[in-house]
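To start, the structure under review is shown below, and the notes come after it.
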Amino acid sequence: MSKKSLFSKLTAGTSLLVVGLGIGIGVSSLTNISEMSAFTPSFTSTEENSDSDAFSSIARIPEMNRNGNVNFVAEVVQDVGPAVVRINASRTVSTRVPPVFNDPFFRRFFGDQIPEMPQEETREGTGSGFIISADGKILTNAHVVEGASEVSVNLKDGRVLQGKVLGSDALTDLAVIQVEADNLPVARLGNSDDLIIGEWAIAIGNPLGLDNTVTTGIISATGRSSAQIGVGDKRLDFIQTDAAINPGNSGGPLLNAQGEVIAINTAIIRNAQGLGFAIPVNRAAEIAEQLIADGRVDHPYIGISMVSITPQNRQRIESQGFTVAPDDEGVLVVQVAPNSPGARAGLQPGDIITNIGQDSVRDAETVQKAVASSRVGNDLALRLRRNTEEVNLNVTLGVLPTR
C-alpha cells in the first residue's frame with residue numbers, strides 16, 4: 001500500500017519540536033505514567049433481587065435501536081475490531097547478585113549456600129496496536145516495544161505472527177511493526193484536526209490482558225501540552241478523553257462515531273479517573289510515514305531552555321538572577337546549549353523572544369509550535385529584546401542529537 005493512499009485522508013502534520021534543554025522555570029509537574037503497575041478490578045454481584053432487573057435494563061446499552069439496527073458503538077467495534085491487535089514484547093534484562101553476597105565477611109558464614117542468580121531474565125509485556133496497511137504494518141506506542149528482543153502479534157482471528165520493529169521514536173512515543181501477512185483488515189484513519197470537544201470517543205485495546213475490550217466516552221479536550229500532563233520528555237500535543245484507558249490499552253486506537261481512528265491511546269495519570277490521553281492521528285501518521293521510510297525521525301531543535309514571561313513566573317525568573325521589566329512580554333531564554341543551533345546563531349541567556357517572523361510571541365508553546373511547523377535546515381527568524389536593544393537573528397534548525 002502506498003504512503004499516499006495510506007495517509008490520503010490526513011492533513012499534513014508538522015515537524016516535531018525540540019527546544020533542547022526543556023523548560024526549567026514555571027512548569028507544573030504531574031506524576032504521569034504510560035502504564036500503571038497496579039490495578040484493582042471491581043466485581044458485580046450476580047445475586048438477583050427485585051431491583052436488579054430494572055436497573056440492568058436501564059444501564060445496559062441496547063443491542064438494537066428503534067430502527068432495528070445495531071447501535072453505532074457496536075457497528076464501530078464490528079468494523080474496526082479485526083484491525084486491532086495485541087502486541088507481546090519480550091525483554092531480556094540483566095541481573096546482578098547483590099553486592100553483599102560478594103562480601104568476604106558474608107561468605108565466611110554462608111559459603112556455598114549463597115543462592116546462584118541468573119545473569120539474565122526474560123520479562124514479558126503486552127500492549128495494543130492497529131493495522132494501518134493490508135500488508136501488515138502496525139502502529140503502536142514506542143514504549144510498548146522499547147528494548148524488546150522479540151515481538152509477536154495476536155490477531156483477532158486467532159493467528160499469532162512474529163513482528164519486526166521497522167522504526168521507533170521515543171520522543172513521540174510511536175513505533176511501527178511489520179508482520180508477514182497479506183489482505184489484513186485495516187483501520188481507517190480520520191482527521192484529528194476536525195475534532196469537536198464533546199463528541200463520542202471509542203477505545204479498543206487489551207487492558208490488563210483482557211483482549212478486545214471496548215470502552216466509550218467523549219473527547220474531553222484537545223491540545224493538551226506534554227507539560228500539562230506531566231510528560232515533559234515528549235514533544236506532542238495530546239487529546240484528552242474520559243473513555244477508560246488502562247495498562248495494556250497503550251498503542252490502541254481511539255475512534256470517532258464513524259469508526260475512524262482519531263488518536264492513539266498512550267497515557268494515563270496515576271490515581272485519576274476519567275483522564276486519558278492520546279496522540280492525534282494526524283501527527284502519528286506523519287511520524288509513521290517517516291518510520292516506515294527511514295526507520296527513524298529527525299526532529300528539529302534550537303537548543304534552548306525557555307520560560308514564558310507571566311505574572312506567575314516573574315518571581316521565579318527573578319530568583320534565577322534574570323531581570324525583566326514590568327512591561328516585558330514574550331519568552332525568556334534561560335539557557336543555551338553549547339554548539340546548538342541557538343548558540344551558533346548568537347542566542348544568549350536573558351534574551352527575550354518577542355516575535356517569530358511577523359507573529360508576536362506570548363508564551364513558550366508558540367515557539368514550540370513554530371519549530372514544530374518547520375523542518376531541519378530551515379531558518380527561523382527571531383526578534384529579541386536584549387537588555388534595551390532590539391536584535392534580529394536567523395536560527396537554522398538542527399537535528400536533535402540522539403541519546
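All values derive from a computational prediction rather than experimental measurement.
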Would you tabulate the side-chain donor-acceptor contacts of residues 156-163 under 3.5 Å, counting partners in other chains and residues two or more places apart, or write 'none'?
from, atom 1, to, atom 2, distance (Å)
D157, OD1, R159, N, 3.0
D157, OD1, R159, NE, 3.4
D157, OD2, R159, NE, 3.0
D157, OD2, R159, NH2, 2.9

Under the salt bridge (Lys or Arg N to Asp or Glu O under 4.0 Å) rule, what pairs show up with a residue in residues 76-86, not counting sequence neighbours?
D79-R188, R86-D211

Kindly give the heavy-atom pair with the smallest separation between A134 and V186, and that separation in Å.
N-CG2, 3.4 Å

State which residues pass side-chain hydrogen bond (donor to acceptor under 3.5 Å, both in side chains) with N212; sequence neighbours excluded, sorted by chain then number.
none

So, are R385 and D328 salt-bridged, with charged N and O less than 4.0 Å apart?
yes

Main chain of L210, side chain of T213: is a donor-acceptor contact present, judged purely on distance under 3.5 Å?
yes

Using a 4.5 Å cut-off on heavy atoms from C-beta on, say whether the side chain of T222 contacts that of Q240.
no

Spatial distance of atom CG (L166) from atom CD1 (I177) [nearest 0.5 Å]:
8.5 Å

Rounded at 0.5 Å granularity, tell me how far CG in L397 sits from NE2 in H299.
13.5 Å

If you measure from CG on N265 to OG on S128, what distance do you get to the nearest 0.5 Å?
8.0 Å

Taken to the nearest 0.5 Å, the spacing of I287 CD1 from S168 OG works out to 11.0 Å

Give every donor-acceptor pair under 3.5 Å between a side-chain atom in residues 338-349 and any protein atom, sequence neighbours left out.
from, atom 1, to, atom 2, distance (Å)
S340, OG, A337, O, 2.6
S340, OG, A343, N, 3.2
R344, NH1, N339, O, 2.5

Basic-acidic side-chain contact under 4.0 Å: E390, R383
no

Check whether any side-chain heavy atom of D379 sits under 4.5 Å from a side-chain heavy atom of V395, and report yes or no.
no

Flag side-chain contact, heavy atom, 4.5 Å: V367 against M306
yes

Using the rule given for side chain to side chain contact (heavy atoms under 4.5 Å, CB included), can you reason through L255 versus V80, listing the C-alpha separation, both sets of side-chain angles and the distance that settles it, and then say yes or no?
CA-CA 9 Å; L255 306 150; V80 184; 3.9 Å; yes

Can N191 and D194 be counted as having a side-chain donor-acceptor contact under 3.5 angstrom?
yes

Should V179 and I138 count as side-chain neighbours, where that means a heavy-atom distance under 4.5 Å?
yes

Any donor-acceptor pair under 3.5 Å linking the side chain of E199 with the backbone of I196?
yes

Distance alone, cut at 3.5 Å: any donor-acceptor contact between the side chains of N282 and D193?
yes

Validation row: L171, L400 side chains within 4.5 angstrom (heavy atoms):
yes

Working to the nearest 0.5 angstrom, can you tell me the gap between D242 CG and I218 CD1?
5.0 Å

Residues A288 and L139: closest non-hydrogen pair is CB-CD1, 4.0 Å

Classify the side-chain pair N355/S360 by whether it contains a donor and acceptor separated by less than 3.5 Å.
no

Decide yes or no on side chain to side chain contact (heavy atoms under 4.5 Å, CB included) for V331 and V333, but give the supporting numbers first.
CA-CA 7 Å; V331 173; V333 177; 5.9 Å; no

Test side chain to side chain contact (heavy atoms under 4.5 Å, CB included) applied to P280 and L236, I239, I264, L195, the passing residue:
I239

Check whether the side chains of N88 and S152 place a donor and an acceptor atom closer than 3.5 Å, and report yes or no.
yes

Looking at E389, I'd like to know if its CD atom is crowded, meaning that more than 12 non-hydrogen atoms belonging to other residues, nucleotides or ligands lie closer than 6.0 Å.
no

Evaluate R296 against D169 for salt bridge (Lys or Arg N to Asp or Glu O under 4.0 Å), listing each step before the verdict.
CA-CA 7 Å; R296 71 180 194 282; D169 184 58; over 6 Å; no

I need the full list of ring-ring contact (aromatic ring centres under 6.0 Å, His included) pairs touching residues 352-394, with sequence neighbours left out, sorted by first then second residue.
none

Residues in side-chain hydrogen bond (donor to acceptor under 3.5 Å, both in side chains) with E124, at least two apart?
S90

Please answer whether the main-chain N or O of L174 pairs with a side-chain N or O of N141 as donor and acceptor at a distance below 3.5 Å.
no

Considering non-hydrogen atoms only, spot the tightest contact between A243 and A201 and give its length.
CB-O, 4.2 Å

Answer yes or no: does atom CG of N392 have more than 12 heavy-atom neighbours from other residues, nucleotides or ligands under 6.0 Å?
yes

Quick check against the 3.5 Å criterion: does D173 have a side-chain atom that pairs as donor or acceptor with the backbone of A142?
yes

Can you tell me how far OG1 of T215 sits from CD1 of I202, rounded to the nearest 0.5 angstrom?
9.5 Å

Are T266 and S250 side-chain neighbours, meaning at least one heavy-atom pair lies under 4.5 Å?
no

For residues P185 and A83, report the shortest heavy-atom separation together with the two atoms involved.
O-CB, 3.6 Å

Got D351 and V391 here, is their nearest side-chain heavy-atom distance under 4.5 Å?
no

Begin with the C-alpha distance, continue with both residues' side-chain angles, and end with the deciding distance and a verdict on side chain to side chain contact (heavy atoms under 4.5 Å, CB included) for T126 and N206.
CA-CA 8 Å; T126 63; N206 309 294; over 6 Å; no

Distance-only polar pair, side chains of N256 and E260, donor-acceptor under 3.5 Å:
yes

Do I219 and I262 come within less than 4.5 Å of each other through their side chains, counting heavy atoms only?
yes

Please walk me through it: do F130 and T140 pass side chain to side chain contact (heavy atoms under 4.5 Å, CB included)?
CA-CA 7 Å; F130 57 94; T140 186; over 6 Å; no

Of all the heavy-atom pairs spanning V176 and K137, show the shortest one and how long it is.
CG1-CB, 4.4 Å

